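Written out below as structure tokens is the structure these notes cover.
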Amino acid sequence: MNLDGLNDVQRNAVLATEGPILVVAGAGSGKTRVLTHRIANLVEAHDVFPSSILAITFTNKAASEMKQRIESLVGPVTSQMWVGTFHAICVRILRRDGDKIGYSSDFVIYDTTDQKALVKSCYKTLGIDEKMTPVKSSQFKISAAKNDMISAEQYERDHHGDFREREFIKLYKLYQEKLKQNQAMDFDDLLLKTIELFKTNPEVLHYYQKRFRYIHVDEYQDTNKAQYTFVRYLSANHQNLFVVGDGDQSIYRWRGADIRNIQEFEQDYPGAQIFKLEQNYRSTKNILSLANSVIKHNPGRREKNLWTEAEAGEKIQYYLAYEEKDEARFVLEQIKKKIRDEDYKRSDFAILYRTNAQSRAFEDAFMLDGMPYKVVGGAKFYDRKEIKDLMAYLKLIVNTQDDISFQRVINEPKRNLGDKTVEKIQNHAAMLGVSMLDACRKAAEIEGITGKALQNIEAFYEMIMGLKANLDTHFVTQIFDGLIEKSGIIEAYEREGSIESDGRIDNIYEFRVVIEEFEKRSEDPNLRDFLAETSLMSDQDSLEDENNSVLLMTVHASKGLEFPAVFIVGLEDQLFPSFRSMDDEEALEEERRLCYVAITRAEKLLFVSHARNRNHFGRFEARQPSVFLKEMAPEFMEGLEEKKFAQTFPEPKTKPVSFFDIKPQKKQGKSTVKVGAEPVQEKMAIPENSGFKTGDKIMHKAFGTGMIVTVDKDKDTLTIVFDAHGIKKLSASMAPIKTIG
DNA sequence: CACCCCCGGTTTTTT
DNA sequence: ACCGGGGGTG
């Protein structure tokens with residue numbers, strides 16, 4: 001094991017193998033390096049089985065990056081390790097052993113939209129008024145309880161006799177019941193149900209404890225109680241727990257993260273060894289000094305003395321804008337200047353803001369100027385209605401118990417099945433104690449449903465069940481193509497004929513590409529796993545660097561990333577720090593950490609700006625500078641001339657429309673170029689004769705690899721010589737085959 | 001009973 | 001962009 005590239009502290013942390021270990025890793029101090037080298041060292045120098053290694057991260061992106069870096073050190077055995085997010089690892093465990101707590105391995109995952117629909121349906125049952133109790137607040141309250149590991153029953157015991165909580169207690173209980181009935185889990189449940197599994201099935205817990213001899217957790221400061229408990233269970237016997245984190249970068253308190261988990265690590269795990277990584281390899285002295293000048297205002301933090309050997313570098317550039325358009329213009333001009341005069345490229349720049357809504361002014365300015373940019377997060381691909389609809393279809397195909405997905409798609413596209421009919425199906429299902437889809441099996445028995453509506457329901461049932469019958473024999477793309485064809489979703493959008501529906505059709509094809517990519521990448525591509533993967537994917541994960549665009553994102557989304565040049569914008573009172581943190585000291589400290597995270601993303605150049613005025617809720621408001629600006633030590637900063645950028649700038653040529661009307665740029669490589677009157681059909685690779693030719697190497701789901709020796713297009717028949725199963729004649733459109741590179 | 005169009009509200013951070 | 005409500009139409 002070559003440890004030459006590591007400094008002393010890093011090397012000592014890597015070489016400490018047994019027992020609980022905390023690595024306090026300041027920003028840019030090489031924590032991923034330590035983590036990956038430690039894992040490599042275990043495997044290479046201590047003969048630890050790769051399958052005994054568990055490494056947990058918060059985002060998929062961090063997980064795949066870690067996997068790659070481990071692989072570059074120890075090679076393909078990496079695939080035997082479990083490296084993933086808390087949620088993904090819990091899904092994996094629950095797929096295997098969830099049956100022991102009453103969940104089928106086909107359970108589906110509910111995202112926040114599904115969750116919202118479920119809460120609403122509970123409201124309906126309980127007669128709760130949305131205007132009195134906003135659905136969002138209930139969602140939040142349920143999630144907060146779950147993050148603290150308070151079950152509905154526990155919540156009831158805790159608030160016994162409190163009449164203000166009676167409604168919520170009923171709601172929480174019903175919500176959990178319905179989740180179970182639907183064989184569904186929300187994000188928080190993935191953790192909680194895994195813990196429940198460990199609690200109630202000691203032999204299952206024992207299996208995983210024995211299997212995962214070495215456990216690693218990245219960003220430990222962001223763990224909540226459930227995540228803490230999950231790790232505690234797994235490490236209880238051998239205590240080989242290696243956690244890496246930085247209290248100064250804890251920014252998820254609102255999501256239940258408890259900074260005490262890292263602060264009290266030594267008490268929780270007696271005998272823990274502690275290593276402090278304090279040398280920063282990322283930023284210039286000026287940037288680091290500025291970061292320190294801000295974070296030192298937080299009381300009670302673990303003392304850390306981050307230092308660097310790097311040069312002082314340029315001073316931090318400060319700018320006060322007239323209003324947000326001016327601020328955007330300033331950023332644009334600076335980027336253009338740096339690209340023109342120095343050796344910077346567009347993708348070296350990141351613009352970091354507190355709220356997603358702030359991206360708009362920058363998008364307008366960049367679009368007007370033709371500057372390529374990419375917004376990370378914000379309007380998400382997977383949040384599009386048509387994608388959500390298709391996801392719901394696929395979820396229903398996998399899990400027919402899922403009433404929420406059923407209700408989403410039963411009348412999408414329009415089948416003349418409105419609210420009243422859906423209600424009748426629901427009542428009938430409740431009476432029989434079955435799912436809504438099951439109730440449609442004998443739709444004729446549902447009271448008050450006849451004629452056209454009855455036929456449509458029957459056809460819907462047949463469609464879903466027909467597609468489901470192919471689950472184990474067909475590729476996901478084939479099921480998807482079947483769904484597109486049978487549901488008529490494309491035709492419905494074509495009939496609309498609007499620009500908007502064209503966009504939706506494009507998105508559907510783009511979604512198909514996502515599925516194709518999943519199939520290529522996955523060893524055993526199945527719909528269940530595709531759905532789980534997509535449900536747990538965040539937009540940060542799809543971030544690809546080299547497309548040479550300026551990046552726009554929230555500070556939260558920037559965590560774990562670094563950029564040569566960073567703009568921190570909107571440093572105003574009530575915005576950053578957020579107005580919600582004003583009367584709460586702990587919340588303000590978290591905002592300050594957020595500011596610290598933002599500053600420490602920068603390698604060479606840092607710009608900070610704010611505006612005198614800002615459009616807010618449609619009003620033009622005067623703004624005050626952020627308290628964090630005042631905390632930034634002025635000796636590391638210099639102001640730029642304000643007036644130069646304060647001239648009036650042309651309005652974007654786009655029609656002035658709603659605040660939310662943001663037009664994201666097409667993702668590179670995925671956008672479809674429109675060519676004349678090209679028939680839509682040709683854009684989609686339909687299974688029939690989808691480009692198989694003689695000599696193609698193929699993979700069959702059951703027969704394995706083989707080669708095509710003849711193609712009979714008219715008869716849709718392929719003759720294939722399989723490596724292990726001899727010669728077979730198969731249907732090009734029906735057989736589960738795909739070409740392999 | 002279902003559909004369509006128009007209008008208004010939405011704006012912290014997200015696995 | 002999406003959702004929900006209101007009101008008109010078929």
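A quick note: this is a predicted structure, and the numbers were derived from the prediction, not measured. We name chains A, B, ... by the order of the sequence lines, and we start the count at 1 in each one.
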Choose from B:dT15, C:dC2, B:dT12 the nucleotide whose nearest atom is closest to any side-chain atom of A:Arg255.
B:dT15
Taking only the side-chain nitrogens and oxygens of A:Thr554, find out if one of them lies under 4.0 Å from OP1 or OP2 of B:dT14.
yes
With a 4.0 Å cut-off on heavy atoms, is A:Lys120 in touch with a base, just the backbone sugar-phosphate, or nothing at all?
sugar-phosphate
Result for 5'-nearest mapping on DNA chain B, choosing between A:Lys424 and A:Gln115, is A:Lys424
Once you round it to whole Å, what is the distance between P of B:dT14 and CZ of A:Phe140?
14 Å
Interatomic distance, A:Phe86 CZ vs B:dT14 P [rounded to whole Å]:
19 Å
Just N and O in the side chain of A:Asn147: are any of them under 4.0 Å from OP1 or OP2 of B:dT15?
no
Please report, rounded to the nearest Å, how far the P atom of B:dT14 is from the CD1 atom of A:Ile251.
9 Å
For the pair A:Glu591 and A:Arg354, find out whether any cationic side-chain nitrogen is under 4.0 Å from an anionic carboxylate oxygen.
yes
When the nearest nucleotide of DNA chain B is assigned to A:Ser578 and to A:Asn416 on a heavy-atom basis, which residue is associated with the more 5' position?
A:Asn416
Can you tell me if A:Asn356 touches the phosphate of B:dT13, counting only side-chain N or O atoms and a distance under 4.0 Å to OP1 or OP2?
yes
Is there a side-chain contact between A:Arg354 and the phosphate of B:dT12, meaning an N or O under 4.0 Å from OP1 or OP2?
no
Whole-Å distance separating the CG atom of A:Leu588 from the P atom of B:dT13
18 Å
Does a side-chain N or O from A:Lys136 land closer than 4.0 Å to OP1 or OP2 of B:dT11, or not?
yes
Does the structure place the NZ or CZ of A:Arg95 under 6.0 Å from the centre of the six-membered ring of A:Phe107, at an angle of no more than 45° from the ring's axis?
yes
Ion pair present between A:Arg253 and A:Asp258, side-chain N to carboxylate O less than 4.0 angstrom?
no
Base, sugar-phosphate, or nothing: which does A:Phe187 touch, judged by heavy atoms less than 4.0 Å apart?
base
Rounded to whole Å, the CE-P distance (A:Met537 to B:dT14) equals 16 Å
Length of the line joining A:Arg360:CZ and B:dT12:C1', which is rounded to integer Å:
19 Å
Looking at A:Gln624, I'd like to know if its CD atom is crowded, meaning that more than 12 non-hydrogen atoms belonging to other residues, nucleotides or ligands lie closer than 6.0 Å.
no
Using OP1 and OP2 only, check whether a side-chain N or O of A:Asn224 sits under 4.0 Å from B:dT15.
no
Do we see A:Trp254 stacking on the base of B:dT13, given a limit of 5.5 Å between centres and 30° between planes?
yes
Ring-face cation of A:Arg255 near A:Tyr252 (centre distance under 6.0 Å, axis angle within 45°):
yes
Contact under 4.0 Å: A:Arg415 side-chain N or O vs B:dC1 OP1/OP2
no
If the plane angle is over 60° it's perpendicular, under 30° parallel, otherwise tilted; pick one for A:Phe406 and A:Phe460.
perpendicular
Just checking A:Arg614: base, sugar-phosphate only, or nothing, at a heavy-atom cut-off of under 4.0 Å?
nothing
Using only side-chain N and O atoms of A:Lys452, determine if any of them is under 4.0 Å from OP1 or OP2 of B:dA2.
no
Separation of atom NZ in A:Lys131 from atom P in C:dG5, rounded to whole Å:
6 Å
Rounded to the nearest angstrom, tell me the gap between atom CG in A:Leu594 and atom C1' in B:dT13.
7 Å
Considering every strand and a 4.0 Å limit on heavy-atom distances, what is the contact class for A:Asp419: base, sugar-phosphate, or nothing?
sugar-phosphate
